[in-house]
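The sequence lines fix the lettering, A, B, ..., with proteins before strands; numbering per chain opens at 1. Small disclaimer: the values here were computed from a predicted structure and weren't measured.
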Amino acid sequence: MKPEIYIKDLAKHTGQEVTLKGWLYNKRESGKVKFLILRDGTGYLQCIVFKGNVSPEVFEIAEKLHQEAAFEVTGLVKAEPRAVGGVELDATGVKLIGASEDYPITPKDHGVEFLIDNRHLWLRSKRQVAIMKIRHRIVKSIRDFFDEHGFTLFDPPIITPNASEGTSTLFQMEYFDLGKAYLTQSGQLYAEAGALALGKVYTFGPTFRAEKSKTRRHLTEFWMVEPEMAFYNLDDDMDLAEEFLEYIVKSVLKNNLAELEILERDITKLEKIERPFPRVSYDEAVQMLKDEGHEFKWGDDLGAADETIISSKYDKPVMVHRYPAEIKAFYMKRDPENEKLALAVDVLAPEGYGEIIGGSQREDDYDLLLSRIKEHKLPENFFSWYLDLRKYGSVPHSGFGLGLERTITWICGIDHLRETIPFPRMIYRNTP
RNA sequence: UCCGCGAUAGCUCAAUGGUAGAGCAUUCGGCUGUUAACCGAAGGGUUGCAAGUUCGAGUCUUGCUCGCGGAGCCA
């Protein structure tokens with residue numbers, strides 16, 4: 001039987017007798033009174049069990065509840081300033097639903113390795129529940145944003161015959177009699193086909209990178225959202241990116257203050273995320289680094305330390321644009337004002353969270369794209385369909401990719417993105 | 001792949017080369033307002049693995065395994 005009422009709605013039922021179902025988050029007891037902290041996924045509620053108010057059998061059941069035992073509790077809802085949340089339940093009945101013996105995660109400190117080993121249980125903790133709720137909100141706001149802006153969801157394939165950019169190491173598999181196939185690292189090339197069919201599309205799904213990255217900013221399986229728009233140039237692309245990020249942050253601020261508080265997030269930092277965002281060209285960024293006294297050679301990619309220096313100058317995301325074409329992907333269009341530059345943009349999150357968006361205007365000229373494919377020694381036969389997009393009604397078009405987990409990490413203000421996805425996949429871990 | 005750090009009770013951590021300890025969790029007892037409750041007691045150990053130095057190794061040396069952080073790569 002499903003619960004009739006959840007903790008989040010309890011304040012409306014003050015003075016009424018209700019029955020709730022959930023799990024024991026923690027328990028404190030003092031002789032003849034027990035404080036059971038019930039969690040039900042929507043909130044936390046202190047339930048008081050006085051020995052004098054309940055039958056000996058009920059008191060005995062409460063006595064034997066261990067951490068994370070599932071139970072049902074009936075009682076009177078009371079306003080109570082001494083309770084966290086302002087409401088508590090004066091229990092008259094307690095029923096055990098599922099016992100829990102020797103729950104491994106105690107209310108004391110644990111190490112990361114232990115918690116990750118127990119990820120399936122760690123997800124029940126207050127902090128993880130808060131992060132998952134914010135993840136949900138961000139995903140919803142992403143879908144709402146594109147829906148409200150005339151985009152069509154366009155699902156790219158997960159299994160692809162080749163590397164879309166030809167650089168990253170991909171997860172490989174045998175695909176029946178057709179030889180090797182790979183898990184996608186980006187849906188972008190397919191999204192371009194979608195944009196030329198539907199005008200404005202976005203893809204949203206898991207992507208896979210077999211890079212041996214061992215940092216707090218990397219997962220081997222992560223979620224990416226990639227809008228792609230026909231007739232958008234790089235400036236239009238950046239306009240969209242900043243409006244998009246502002247929308248997401250505002251949505252979390254509007255709906256998830258309780259969760260941000262659990263995470264002890266400094267929300268004044270998030271309240272500053274309003275358009276316009278600073279736009280810095282690669283040339284200007286290089287100059288900034290030199291002004292700071294850092295050695296930097298024009299033509300090199302910005303490293304993590306360089307990004308931190310640049311983003312720390314602002315309290316908003318920074319859009320760094322027009323990178324040297326040599327360090328960027330083959331499909332990016334060159335800047336007509338300087339052939340050495342690609343019409344690319346990276347968005348760096350504030351507070352040192354690093355790159356959360358990478359985007360560009362795409363090369364729309366058939367001959368130039370073909371020569372780039374040849375320069376990069378990519379297998380032409382795999383790209384014939386992609387070249388077709390430049391053969392039949394080619395138009396200027398742009399798009400970007402936003403890393404979902406990195407965005408959640410930044411908005412939540414946490415220090416490792418492994419907590420932002422229910423079951424993280426990392427180089428040395430694929431369980432639980 | 002490279003650089004750095006680490007591995008002691010179920011968990012988090014202590015222990016000058018000289019008897020392996022605390023808190024939490026568990027079990028038992030006490031407490032009618034606790035907020036990671038508190039107080040008392042008990043059980044709980046092949047100190048990651050292998051070798052070496054030493055009268056004596058958790059501690060020093062070497063190798064290995066596993067993990068963590070960072071770099072590169074990227075979102």
Can you tell me how far [atom2] of [N] sits from [atom1] of [X], to the nearest Å?
X: A/K214; N: B/G6; atom1: NZ; atom2: C1'; value: 12 Å
X: A/H416; N: B/G69; atom1: NE2; atom2: P; value: 4 Å
X: A/I357; N: B/C74; atom1: CD1; atom2: C1'; value: 15 Å
X: A/E211; N: B/A75; atom1: CD; atom2: C1'; value: 12 Å
X: A/K34; N: B/G30; atom1: NZ; atom2: P; value: 11 Å
X: A/F222; N: B/C74; atom1: CZ; atom2: P; value: 12 Å
X: A/Q188; N: B/A75; atom1: CD; atom2: P; value: 9 Å

Steps toward side-chain contact (heavy atoms from CB on, under 4.5 Å) verdict (A/K333, A/D364) | CA-CA 7 Å; A/K333 190 174 180 66; A/D364 50 63; 3.7 Å; yes
Exercise for the section: May I ask whether A/F35 stacks on the base of B/G33, given the cut-offs of 5.5 Å between ring centres and 30° between planes? Expected result: no
Can you list, by residue number, the residues of [range] that have a non-hydrogen atom closer than 4.0 angstrom to RNA chain B?
range: residues 288-305 of chain A; answer: A/D301, A/G303, A/A304
range: residues 54-69 of chain A; answer: A/H66
range: residues 19-32 of chain A; answer: A/N26, A/R28, A/E29, A/S30, A/G31, A/K32

Considering every strand shown, what is the Watson-Crick or G-U wobble mate of [N] when both distances are under 3.5 Å?
N: B/G17; result: none
N: B/A57; result: none
N: B/A25; result: none
N: B/U46; result: none
N: B/C2; result: B/G70

Side chain of [X]: nearest nucleotide among [options]?
X: A/R406; options: B/G33, B/C11, B/C74; answer: B/C74
X: A/E355; options: B/G33, B/U12, B/A75; answer: B/A75
X: A/T106; options: B/G69, B/A75, B/A25; answer: B/A25
X: A/F114; options: B/A75, B/U26, B/U12; answer: B/U12
X: A/T215; options: B/G33, B/A71, B/A75; answer: B/A71

Residues pairing under side chain to side chain donor-acceptor pair (under 3.5 Å) where one sits in residues 237-247 of chain A, two or more places apart or in two chains, turn out to be A/E148-A/Y247, A/H149-A/E243, A/D239-A/R279, A/E242-A/R279, A/E246-A/R275
Contacts of A/Q128 meeting side chain to side chain donor-acceptor pair (under 3.5 Å) (sequence neighbours excluded), chain-then-number -> A/R119, A/E419
Between [X] and [Y] (side chain of the first, backbone of the second, donor and acceptor by atom type, cut-off under 3.5 Å), is there such a pair?
X: A/N255; Y: A/S251; answer: yes
X: A/S281; Y: A/R322; answer: no
X: A/K133; Y: A/E259; answer: no
X: A/H218; Y: A/K214; answer: no

Check: Are A/L378 and A/F330 close enough, and set up right, to give a side-chain contact (heavy atoms from CB on, under 4.5 Å), and what steps lead you there?
Finding: CA-CA 10 Å; A/L378 298 171; A/F330 75 94; 3.6 Å; yes
Original post:
Would you find more than 12 non-hydrogen atoms of other residues, nucleotides or ligands less than 6.0 Å from A/E63 atom CD?
Top reply: yes
### Side-chain heavy-atom pair A/F423, A/E221 within 4.5 angstrom cut-off
no
Note to self: Any heavy-atom pair between the side chains of A/E355 and A/R217 that's under 4.5 Å?
What the structure shows: no
- Parallel, tilted or perpendicular: which fits the ring planes of A/F383 and A/Y386, with parallel below 30° and perpendicular above 60°? perpendicular
With heavy atoms under 4.0 Å as the rule, sort A/E88 into base, sugar-phosphate or nothing. base
Does [X] have a side-chain nitrogen or oxygen under 4.0 Å from the phosphate oxygens OP1 or OP2 of [N]?
X: A/H110; N: B/C24; value: no
X: A/R418; N: B/G69; value: yes
X: A/R209; N: B/G72; value: no

Exercise. Is any N or O donor-acceptor pair between the side chain of A/H218 and the base of B/C74 shorter than 3.5 Å?
Worked result: yes
So for A/S213 and B/C73, does any side-chain atom that can act as donor or acceptor lie under 3.5 Å from a complementary atom in the base? yes
Quick check, are the ring centers of A/F146 and A/F244 under 6.0 angstrom apart?
yes
Ring center gap for A/F114 and A/W122 short of 6.0 angstrom: no
Report, one pair per line, the protein and nucleotides 20-22 of chain B atoms (nitrogen or oxygen only) whose separation is under 3.5 Å.
none

_I'd like to know if A/E405 and A/R135 make a salt bridge, using a cut-off of under 4.0 Å between side-chain N and carboxylate O._
yes
| said: Regarding A/D346 and A/K328, does a basic nitrogen lie under 4.0 Å from an acidic carboxylate oxygen? | reply: yes
Assign each of A/G401 and A/I37 the nucleotide of RNA chain B bearing its closest heavy atom; nearer the 5' end lies the nucleotide of A/I37
